[in-house]
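The structure appears below as structure tokens.
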Amino acid sequence: MASVAYIDPGNFATNILGGSQFGYRLLWVLLWSNAMAILIQYLSAKLGIVTGATLPQNCRQHFSRTTSMTLWVCAEISAVATDLAEFLGAALGLDLLLGPALQAHGMSAAGSLMIAAGIATVAVFAILALDLLGFRWLERGIMTMVGIIGLCYGFEVLLVHPDWLHAFYATVLPTFDNSSHLALKGSVYAAVGMLGATVMPHVIYLHSALVQPRLNAMTTKTNKPTPSAIRQYLKFERVDVFVAMNGAWIINSAMVVMAAVALFHGPTVSPTIQDAFHTLGPLLGRSAAVVFAVALLCSGLSSSTVGVMAGQVIIEGFLKIRFPIFLRRMITVIPALVVIAMGFDPLKILIGSQVLLSFTLPAALIPLLLLTNRQSVMGEFKSQMRTRIAGWATAGVIVALNAVLLVQMAMG
């Protein structure tokens, strides 16, 4: 379920931007972002397993009230940006499938998108309702959608016949496009957006909560899990995170490869998601466009569900209040509906939200590193020296990229 956040509509937007403007060049960003994601997600799960509490709960317990409230504000900003991007992606995917038929009967483009948003709202509520049948039912529903996304992009890659050698070199050799000042600035912006879409702050909070149901099943009224049981759980968690994150990395890479082959126009052209859909049809056949829209729809629905769950974990953990998940979903739908009604460019909103997530990421990552490095919090399971070095190096890279982007934006 955590891996869903790594293949959400924000990833569609940033991967299409990166592939269409810079070809295969930024594939290395996904590789290193994925390596960061594996480390971060494992640490989040480890904190939840060892302490029996979520990351927001640990922040409230171990940090001052001022610090905790500041972290909560940052977390809510990231949650709102995430909800906006993911719900907007679901509405776009559904509109690409239903919009042409609705517009053929005289409806405006904005009207068909609003109808798609309404249907997406109902669909997300239906997916959330699976949790009422048991946590495993919700997991199965999300896994099914992830499987559909993977199959869709496997099909797309088979159609475009990529240059695999070129893609391999771009994956292992980090470069930016320095052919011009505009190209360099654009490639850095796209890289930060791809990073923000891959290593997302809200799912850092969420993963520490996703491990709790199984941890509770290991706990009796009289006994907590033994250290050996926790070690066994952590062992399986490492395998789970490694498999899930690498699956998400492969799907993300397939998005960039598809855009690099089918949509590449250089750094001066920024195709929208709708442009991608309408280009794929004439270029590769109607089936390619439909598969693209289905993948976007499944991505939006599944990630929107997970995003709402993350928002609930954040507000309940930091503020220690019970907040109905269906009410949370209803509240977070409103900003997306406003954006749709005002006619903003969906791709720009999606990419801007991912860059915003990259800026709020340190507010989730740094507390996680501080907590997992503390003997008083983790006991014998505190992070080893090599893990600390890797964690702080990851945080340093993210902050440095954000600083570069801020300087570029300030200089116009």
Side-chain angles (χ1 to χ4, degrees), residues 1-6 36-83 135 196 198-216 225 230 233-234 237-238 240-241 244-245 306-323 325 328 357-379 381-383 387-388 390-392 394-395 398-399:
M1 290 184 68
S3 71
V4 168
Y6 296 82
M36 296 177 188
I38 290 174
L39 173 63
I40 294 168
Q41 289 306 310
Y42 174 68
L43 288 178
S44 176
K46 183 179 180 180
L47 178 69
I49 292 169
V50 173
T51 65
T54 66
L55 174 57
Q57 289 171 335
N58 273 288
C59 289
R60 191 186 73 244
Q61 179 180 351
H62 297 286
F63 298 139
S64 69
R65 179 174 177 79
T66 300
T67 301
S68 181
M69 288 297 98
T70 302
L71 294 175
W72 170 66
V73 171
C74 292
E76 286 293 349
I77 291 172
S78 67
V80 170
T82 299
D83 282 329
F135 192 72
T198 303
V199 189
M200 301 185 73
H202 77 289
V203 79
I204 299 177
Y205 298 109
L206 177 63
H207 205 159
S208 62
L210 292 176
V211 298
Q212 299 303 322
R214 288 178 177 81
L215 185 66
N216 293 336
I230 290 177
Y233 193 175
L234 290 173
E237 187 65 29
R238 281 194 293 271
D240 184 34
V241 169
M245 293 300 104
V306 171
V308 173
M309 294 173 64
Q312 186 186 33
V313 168
I314 288 168
I315 195 169
E316 291 184 357
F318 278 111
L319 302 186
K320 202 177 181 179
I321 61 173
R322 297 295 299 174
F323 201 85
I325 193 168
R328 174 86 190 191
L357 289 177
S358 189
F359 287 128
T360 59
L361 181 55
L365 179 54
I366 292 175
L368 175 66
L369 295 175
L370 291 173
L371 290 167
T372 53
N373 292 345
R374 286 186 182 180
Q375 178 85 33
S376 59
V377 177
M378 303 294 289
F381 296 99
K382 75 172 184 177
S383 296
T387 304
R388 297 182 204 176
W392 288 113
T394 296
I398 292 170
V399 172

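Expressed to the nearest 0.5 Å, how far CG of Leu368 lies from OG of Ser208 amounts to 8.0 Å. The CG atom of Leu319 lies 7.5 Å from the CD atom of Glu76; values are rounded to the nearest 0.5 Å. One distance of note links OG1 of Thr67 with CZ of Arg65; it measures 11.5 Å at 0.5 Å rounding. Separation of atoms OG1 (Thr70) and CH2 (Trp72) is listed at 11.0 Å; rounding is to 0.5 Å. Annotation: the span from His202 atom NE2 to Thr360 atom OG1 amounts to 10.5 Å, rounded to 0.5 Å. From Leu71, atom CG reaches atom OG1 of Thr66 across 10.5 Å, with rounding to the nearest 0.5 Å.
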Which is it for Val308 and Gln312 under the side chain to side chain contact (heavy atoms under 4.5 Å, CB included) test, yes or no, and what are the steps along the way?
CA-CA 6 Å; Val308 173; Gln312 186 186 33; 5.8 Å; no
Output, in order, the C-alpha distance, side-chain angles, deciding distance and verdict of side chain to side chain contact (heavy atoms under 4.5 Å, CB included) for Val211 and Ser44.
CA-CA 9 Å; Val211 298; Ser44 176; over 6 Å; no
Derivation and outcome, side chain to side chain contact (heavy atoms under 4.5 Å, CB included), residues Gln57 and Thr51:
CA-CA 10 Å; Gln57 289 171 335; Thr51 65; over 6 Å; no
Assess the residue pair Phe381 and Ile49 against the criterion (side chain to side chain contact (heavy atoms under 4.5 Å, CB included)); give the C-alpha distance rounded to whole Å, side-chain angles, the decisive distance to 0.1 Å, and a yes or no.
CA-CA 10 Å; Phe381 296 99; Ile49 292 169; over 6 Å; no
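Side-chain contact between Met309 and Leu210 is present, with heavy atoms from C-beta onward closer than 4.5 Å. In this structure the side chain of Thr387 reaches within 4.5 angstrom of the side chain of Leu39, judged on heavy atoms. Ile315 places none of its side-chain heavy atoms less than 4.5 Å from the side chain of Pro56. Side-chain contact between Leu55 and Val313 is absent, with no heavy atoms from C-beta onward closer than 4.5 Å. Residues Trp392 and Ile366 have side chains in contact (heavy-atom distance under 4.5 Å, counting atoms from C-beta outward). Looking only at side-chain heavy atoms (C-beta outward), Val377 and Leu47 come within less than 4.5 Å of each other.
Here the shortest heavy-atom pairing between Asn58 and Ala53 reads ND2-O, 3.3 Å. Shown here for Ala79 and Gly311, the closest heavy-atom pair between the two residues is CB-CA, 4.4 Å. The two residues His207 and Val241 make their nearest non-hydrogen contact at CE1-CG2, 3.7 Å. Between Phe318 and Met69 the shortest heavy-atom distance is O-CE, 3.9 Å. Smallest separation of non-hydrogen atoms from Arg374 and Phe63: NH2-CE2, 3.6 Å. Taking every heavy atom of both residues into account, Arg238 and Tyr42 meet most closely at NH1-OH, 2.9 Å.
Annotation: side-chain hydrogen bond (donor to acceptor under 3.5 Å, both in side chains) contacts of Ser68 (sequence neighbours excluded): none. Applying the salt bridge (charged side-chain N to carboxylate O under 4.0 Å, His left out) rule to Glu237 yields no partners; only residues at least two apart in sequence or on another chain are considered.
Side-chain atoms of Gln375 do not come within 3.5 Å of backbone N or O of Lys382 as any donor-acceptor pair. Ser383 contributes a side-chain N or O that, together with a main-chain N or O of Thr372, makes up a donor-acceptor pair within less than 3.5 Å.
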